[in-house]
Amino acid sequence: MGRLSAIVLGSAAGGGYPQWNCRCGVCQLAWEGEPRVKPRTQTSVAVSGDGAHWVLLNASPDLRAQIIATPALHPVGATRSSPISDVILTGGEIDQIAGLLSLRERQSFSLHATSETLSILDDNPVFRVLDSELVERRRVRIDEPFGLSGGLTATLFPVPGKVPLFLEQGEPEIGAEGEATVGVEIESDAPSGRLVFVPGAAAVTPDLRRRLARADVVLFDGTLFKDDEMICAGTGAKTGRRMGHIPIEGSAGSMAALKDVSARRIYIHINNTNPILVDGSPECATVKAAGWEIAEDGLELVL
Ligand code: MLT
Ligand code: MN
Ligand code: ZN
């Protein structure tokens with residue numbers, strides 16, 4: 001087995017950056033081609049333990065373009081083939097599952113998710129396009145490690161969250177820890193490496209902080225800098241917390257909650273309103289001064 005490698009395929013939140021219908025201040029910079037900002041696709045990460053088998057952490061709506069932009073994921077060998085051996089889902093939001101529809105060309109891989117997330121796929125007939133003879137849906141229990149092709153081990157763990165946006169009926173319970181929103185811990189053992197991916201978290205619990213503290217690399221929910229950022233930007237009526245995303249700043253934000261975590265800490269799933277997307281902005285400087293990195297598409301990590 002080799003080292004644990006990861007490639008950030010996409011680093012933006014749902015909608016991507018810029019978002020197709022958005023002229024908020026930060027999107028407008030991207031539309032104008034301003035060099036201080038880089039466009040980003042919707043969040044997905046590929047990990048590998050041997051450089052030959054790759055595991056996708058979520059399947060974003062931008063997956064096809066992400067594969068084309070990533071040589072490690074190009075087909076090799078047989079006429080029909082793919083290095084993508086497994087897909088792990090951390091929830092059933094559209095930006096986590098829609099890319100499955102781009103993997104429909106009769107290719108075998110294993111799909112791992114909680115029973116709650118798998119039931120979203122089971123309930124939606126469009127996902128039957130992934131032939132069950134080829135794509136095995138594996139029900140993963142919380143906190144039970146499972147093996148992946150290429151020698152990695154993964155564990156899904158609960159994260160405070162909520163049901164996917166498209167399943168909300170009235171006011172959803174926010175911050176529930178169950179199977180709807182999970183994080184994933186990826187481990188290799190020789191040499192040892194541990195990466196934790198949490199693209200959505202409504203809060204940081206003591207358990208979550210402990211889990212992040214023992215990782216080498218943390219990819220964490222950087223959706224909004226300020227809880228009321230989308231309201232202030234005129235792009236929506238909801239706070240970050242209402243969307244199941246803890247803000248970065250403030251005494252109850254992720255920067256404060258994770259300040260003592262010694263892992264390499266990287267914000268991912270960054271919403272297009274978030275000023276950390278602008279190189280040299282005060283918010284970008286603030287997160288960097290606190291030891292955080294800001295994920296970009298194509299970022300490669302070797303643990
Ligand atoms: C989220 O992370 O809150 C969702 O991806 C929202 C969405 O689907 O737009
Ligand atoms: Mn999302
Ligand atoms: Zn925008």
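None of the values given here were measured: they were computed from a predicted structure. Counting convention: from 1, in listed order, for ligands and their atoms alike.
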* To do: Examine all N, O or S atoms of Asp95, backbone included, and report whether one is under 2.8 Å from the Mn ion (ligand 2).
  => yes

* Structure fact -> Honestly, for Gln96 the part within reach of ligand 1 (heavy atoms, under 4.0 Å) is neither

* Is there a donor-acceptor contact under 3.5 Å linking the side chains of Glu179 and Ser115? -> yes

* Structure fact -> Nearest non-hydrogen protein atom to atom 1 (C) of ligand 1, with distance, is His245 NE2, 3.2 Å

* Structure fact -> Within a distance under 2.8 Å of the Zn ion (ligand 3), the protein atoms of type N, O or S are Cys22 SG, Cys24 SG, Cys27 SG, Asn272 OD1

* Asked: Can an N, O or S atom be found in His269 less than 2.8 Å away from the Mn ion (ligand 2)?
  -> yes

* Any side-chain donor near an acceptor of the partner, Glu229 and Thr273, under 3.5 Å -> yes

* Side-chain ion pair, Asp122 and Arg137, N-O less than 4.0 Å -> yes

* Tell me: protein heavy atom nearest atom 8 (O) of ligand 1, and distance? -> Glu93 OE1, 3.5 Å

* Return the residue, atom name and 0.1 Å-rounded distance of the protein heavy atom closest to atom 7 (C) of ligand 1. => Leu165 CD2, 3.9 Å

* Structure fact -> Sorted by chain and residue number, the ring-ring contact (aromatic ring centres under 6.0 Å, His included) partners of Phe225 (sequence neighbours excluded) come out as none

* Report yes or no: does His269 have a heavy atom closer than 4.0 Å to ligand 1? => yes

* **Step-by-step side-chain hydrogen bond (donor to acceptor under 3.5 Å, both in side chains) determination, Thr205 to Asp207** => CA-CA 5 Å; Thr205 61; Asp207 275 355; 5.6 Å; no

* What atoms in ligand 1 come closer than 4.0 Å to a heavy atom of Asp95? -> 5 (O)

* **Parallel, tilted or perpendicular, as decided by the 30° and 60° cut-offs, for the rings of Trp292 and Phe220** => tilted

* Can a donor-acceptor pair be found between the side chains of Thr239 and Asp228 at a distance below 3.5 Å? -> no

* How about Asn271 and His245: does a side-chain donor come under 3.5 Å of a side-chain acceptor? -> no

* Under 3.5 Å, is there a donor-acceptor pair linking the side chains of Asp297 and Thr41? -> yes

* Does the distance from a Lys or Arg side-chain N to an Asp or Glu carboxylate O, for Arg194 and Glu185, drop under 4.0 Å? -> yes

